[in-house]
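Down below is the structure, laid out as structure tokens.
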Amino acid sequence: MGNERNRSHGKIENLPDTLKREVEEKLLTGETYEDIASYLQENGEEIHFSSVGRYGRKFLKKFESVRIAKQYARLIAEDNAERPATELHEANNLIASQLIMQALVDDDMDADERAGIAKSIASLQRAQVSNEKLKLQARKEQGAVHVALELLKDKVYGELGEAYPDIADKLLLLAEQTEAEMEKLQ
């Protein structure tokens with residue numbers, strides 16, 4: 001008793017895989033719907049250009065969404081190779097969320113597909129909670145490292161500062177440089 005609008009039984013969807021891939025390639029190279037319909041007719045398929053247009057709009061929209069998502073993910077990864085993994089996971093979750101939301105507004109989706117997408121949303125939410133826990137743990141560890149380095153600086157200065165000020169200064173400088181390097185990794 002499904003909604004007739006939610007069906008995806010278009011003529012191009014039912015083509016043999018090789019012919020369907022050829023149609024998709026032609027769409028990606030910018031051939032007109034009329035030219036593609038003529039090509040299909042030459043191959044024994046009676047498909048009107050309006051059917052090609054309906055399929056083409058949907059296919060190109062999905063293709064563009066995936067292309068943008070991949071480009072965005074690549075830019076994030078290239079932006080800072082030392083970026084914490086939690087930020088990359090967060091960006092991936094945002095991209096996946098965008099693709100899921102686009103799929104949810106797809107008129108050709110049936111109830112089972114929508115239920116599958118709802119499960120995907122729940123999985124993304126669990127992943128995001130885990131990601132937030134990792135970020136909190138990283139902040140705690142970063143604070144602990146800072147405290148440890150401050151204690152080390154105090155001890156170095158207290159033990160060596162009066163007798164060997166040059167060595168104490170060098171050790172303090174090394175501790176500060178190490179802390180700065182640790183912050184860059186966070």
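Just so it is clear, the values below take in all heavy atoms, side chains as well, and ignore hydrogens, waters and symmetry mates. For reference, positions follow the sequence shown, starting with 1.
Note that CD1 of Ile12 and NZ of Lys58 are 10.0 Å apart. Values are rounded to the nearest 0.5 Å. Within the model, atoms CG of Asn14 and CG of Leu19 stand 12.0 Å from one another, a figure rounded to the nearest 0.5 Å.
Thr32 is not listed as a side-chain neighbour of Val52, based on a closest heavy-atom distance of 4.5 Å or more. Contact check for Asp169 versus Leu173: no side-chain heavy atoms found under the 4.5 Å cut-off. Taking the side chain as every heavy atom from C-beta outward, Ile47 and Leu15 approach each other to under 4.5 Å. Contact annotation: the side chain of Tyr33 approaches that of Leu27 to within less than 4.5 Å [non-hydrogen atoms, C-beta and beyond]. For the pair Leu60 and Leu28, the minimum side-chain heavy-atom distance is below 4.5 Å. Side-chain contact check for Val23 versus Phe59: every heavy-atom pair is 4.5 Å or farther apart.
A donor atom on one side chain and an acceptor atom on the other are found under 3.5 Å apart for Arg54 and Ser51.
Each salt bridge (charged side-chain N to carboxylate O under 4.0 Å, His left out) pair with one or both residues in residues 29-38, not counting sequence neighbours, appears once here: Lys26-Glu31.
Smallest separation of non-hydrogen atoms from Glu45 and Pro16: OE2-CD, 4.4 Å.
Residues passing the side-chain contact (heavy atoms from CB on, under 4.5 Å) test with Ile167, sequence neighbours excluded: Leu160, Tyr164, Leu171. For Lys20, the salt bridge (Lys or Arg N to Asp or Glu O under 4.0 Å) test picks out Glu13, with sequence neighbours left out.
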> Does the pair Tyr55 and Lys11 meet the rule for a side chain to side chain contact (heavy atoms under 4.5 Å, CB included), with working shown?
Replying inline: CA-CA 9 Å; Tyr55 181 82; Lys11 292 180 179 181; over 6 Å; no

